[in-house]
Amino acid sequence: MGECENPLVHVLVDMEAEGIRIDRTALEDYSVRLGDEIATLEKSIYAVAGVEFNIASPKQLGEILFDRLKVEARPKKTRTGQYATNEQVLTRLAHEHELAALVLEYRACQKLKSTYVDTLPDAIRAETGRVHTTFSQAVTATGRLQSQNPNLQNIPIRTERGREIRRAFIARDENYVLLSADYSQIELRVMAAISGDEALKQTFLDGVDVHTATAARVNEVEIDAVTSEMRRQAKMVNFGIIYGISAFGLSQRLGIPRSEAADIIEAYFLKYPGVKTYMDRTVEEARKNGFVTTVLGRRRSLPDIHSRNATTRQGAERNAINTPIQGSAADMIKLAMIRIHGELCRRELKSRMLLQVHDELVFDMHKTERDEVRALVSDGMREALDLDVPIVVEMGEGDNWLDAH
DNA sequence: TCTCTGCTCAC
DNA sequence: CAAGTGAGCAGAGAC
């Protein structure tokens, strides 16, 4: 390793000790509101089902839906033979069957309440009045950090209900704001850099939206002619590429026939040949060495690359493709953290680094240090690694984490 | 009490 | 079989 792990220890120690302030009252109020919603949904669910049961039990729910109400002729099963009742299944049923729609609502509320709203206030440490996570730096397969007890790397943001929780993460006091700084499309930029694909690099040099650019290339239309549907598909393809896509996987996610998905992937590789070459090269490297590496030389061992079981082997091939990308992005933000933490200390600033969420850093920023901190954070993140691709950092600030985005 | 399963939250 | 990395909840069943 290009040694970022040892200096990072001190950064993480400080972040853990610092903690983050949480608005306990806001969460406690929200818990009551969610509880009311859940109670209402419960009644509706029992009425529609015609029987009371434990809605939180996937087993019981499956039996109600597929044995009692027979909402589907050939229900999908899980690995263990139970009826699958996951979000994808229920969403498909929701148009026809009120019960499915109600259960989706119920699950959304229950998830937020049990995992975040009721748990975070209990995690406030009495001595500091703040929530202190534990970061682990040598646990994940790719070199990413991990956060636990509580996990502060999966605080909701996608839905309106979830965003309420982000609003409860607040600045230290009235002299501070939260600063959020996140890398824009870091994994695709890293892939452009390590693959050296000229078209992908040019997209970032042009500063155009990468999903729109991919849509234009794959569909062979001008940027201005890209529809929202074309962009949506291209976004799926871009993410799929990073993960080591299959035509089947893409077809499932886009809801299109597998042959069409295969055509899209073929068109992608035609337009970004360097990406295809990178993938072949990386899988070959894994076969030869038994491991792959990130830009800082972090290794991931891939013994399954020689498995006689095709599914296992293909899984290892996807790991070979994904790990240098995800892991190099992790290398980059780790270097940025070390540099930024060093500068905050050296300049004796009051502002503090609080959280890392894979491509984002969150700070308590003293209002008098605004310009200086914004500059050193932005520079520290952008210049952490000297890549052949422009790196863009987006920053926002506010009294809470949601407004900082 | 412990472990596994199914599910869902994030990047 | 089928898109990568994680954490944590409740239910279910073993002990």
Side-chain angles (χ1 to χ4, degrees), chain A residues 53-62 76-91 103-104 106-120 123 133-136 139-159 161-163 165-166 182-188 191 235-254 258 261-262 265 292 300 302 307 309-327 329-330 333 355-361 401:
Chain A
F53 65 103
N54 187 344
I55 307 160
S57 163
K59 185 165 180 283
Q60 293 183 39
L61 174 65
K76 198 169 160 271
K77 299 279 189 74
T78 66
R79 194 172 52 80
T80 56
Q82 257 193 108
Y83 295 123
T85 69
N86 61 37
E87 190 170 13
Q88 201 190 338
V89 169
L90 294 187
T91 301
V103 170
L104 283 169
Y106 174 91
R107 283 211 181 131
C109 292
Q110 188 59 48
K111 172 74 179 178
L112 295 182
K113 187 169 186 292
S114 66
T115 306
Y116 306 101
V117 177
D118 288 346
T119 311
L120 286 170
T133 187
T134 300
F135 288 108
S136 301
V139 173
T140 65
T142 56
R144 276 188 174 189
L145 292 183
Q146 174 217 55
S147 158
Q148 61 179 176
N149 286 314
N151 182 358
L152 297 184
Q153 289 182 323
N154 72 342
I155 302 303
I157 193 167
R158 218 179 65 247
T159 65
R161 280 197 192 99
R163 284 196 279 276
I165 296 165
R166 289 235 168 188
D182 68 282
Y183 283 116
S184 163
Q185 304 297 352
I186 189 61
E187 293 191 343
L188 287 169
M191 185 172 78
K235 188 174 175 180
M236 290 288 210
V237 174
N238 278 331
F239 282 117
I241 292 292
I242 289 173
Y243 299 147
I245 203 167
S246 72
F248 177 88
L250 185 65
S251 72
Q252 289 292 296
R253 279 166 181 76
L254 291 178
R258 183 174 162 161
I265 293 170
V292 291
R300 179 176 184 175
L302 294 167
S307 174
N309 180 310
T311 307
T312 306
R313 189 175 61 248
Q314 285 158 10
E317 289 170 2
R318 289 194 296 275
N319 292 151
I321 290 165
N322 174 260
T323 295
I325 299 168
Q326 192 182 111
I333 197 166
L355 300 177
Q356 188 253 43
V357 191
H358 309 305
D359 66 353
E360 173 188 15
L361 296 175
W401 197 2

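Please read all numbers here as calculations on a predicted model, not as lab measurements. A note on names: the letters A, B, ... follow the listed sequences, proteins ahead of strands, and every chain is numbered from 1.
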Any side-chain N or O of [X] less than 4.0 Å from the OP1 or OP2 oxygen of [N]?
X	N	answer
A:Ser57	C:dA12	yes
A:Thr85	B:dG6	no
A:Arg144	C:dG6	no
A:Thr115	B:dC9	no
A:Asn319	C:dT5	yes
A:Arg300	C:dT5	yes

Answer with base, sugar-phosphate or nothing: what part of the nucleic acid does [X] contact at a heavy-atom distance below 4.0 Å?
X	answer
A:Leu145	nothing
A:Ala310	nothing
A:Ser147	sugar-phosphate
A:Gln326	base
A:Arg258	base
A:Ile242	nothing

Could you check which of [options] has an atom nearest any side-chain atom of [X]?
X	options	value
A:Thr311	B:dT8, C:dC1, B:dC11	C:dC1
A:Gln82	C:dA2, C:dG11, B:dG6	B:dG6
A:Gln148	C:dA2, C:dG8, B:dA10	C:dG8
A:Thr119	C:dA2, C:dC9, C:dG6	C:dC9
A:Gln60	B:dC9, C:dG8, C:dA12	C:dA12
A:His358	C:dC9, B:dC11, B:dC7	B:dC11
A:Ala141	B:dC11, B:dA10, C:dG6	C:dG6
A:Tyr243	B:dC11, C:dG4, C:dG13	C:dG4
A:Arg79	B:dC9, C:dC9, B:dG6	B:dG6

Going from [atom1] on [X] to [atom2] on [Y], what distance comes out if it is rounded to the nearest 0.5 angstrom?
X	Y	atom1	atom2	answer
A:Ile165	A:Leu120	CD1	CG	7.5 Å
A:Thr85	A:Lys76	OG1	NZ	10.5 Å
A:Asn86	A:Arg107	CG	CZ	7.5 Å
A:Phe239	A:Gln185	CZ	CD	5.5 Å
A:Thr142	A:Ile325	OG1	CD1	11.5 Å

Just the rounded figure in Å: distance from [atom2] of [N] to [atom1] of [X].
X	N	atom1	atom2	result
A:Asn151	B:dC7	CG	P	21 Å
A:Arg163	B:dC9	CZ	C1'	14 Å
A:Leu104	B:dC9	CG	P	10 Å
A:Ile55	C:dC9	CD1	P	20 Å
A:Asn322	B:dC11	CG	P	16 Å
A:Leu112	C:dA10	CG	C1'	15 Å
A:Asn54	C:dG13	CG	P	12 Å
A:Lys113	B:dT8	NZ	C1'	17 Å

Item to check | Pairwise C1' distance for C:dC1 and B:dT8, with rounding to whole Å | outcome: 23 Å
Next on the checklist: Does A:Trp401 form a side-chain contact (heavy atoms from CB on, under 4.5 Å) with A:Val357? I'd like the steps, not just the answer.
Outcome noted: CA-CA 12 Å; A:Trp401 197 2; A:Val357 191; 4.0 Å; yes
Checklist entry - How far apart are the C-alpha atoms of A:Leu145 and A:Gln153, what are their side-chain angles, what is the distance that settles it, and do they pass the side-chain contact (heavy atoms from CB on, under 4.5 Å) test? => result CA-CA 9 Å; A:Leu145 292 183; A:Gln153 289 182 323; 4.1 Å; yes
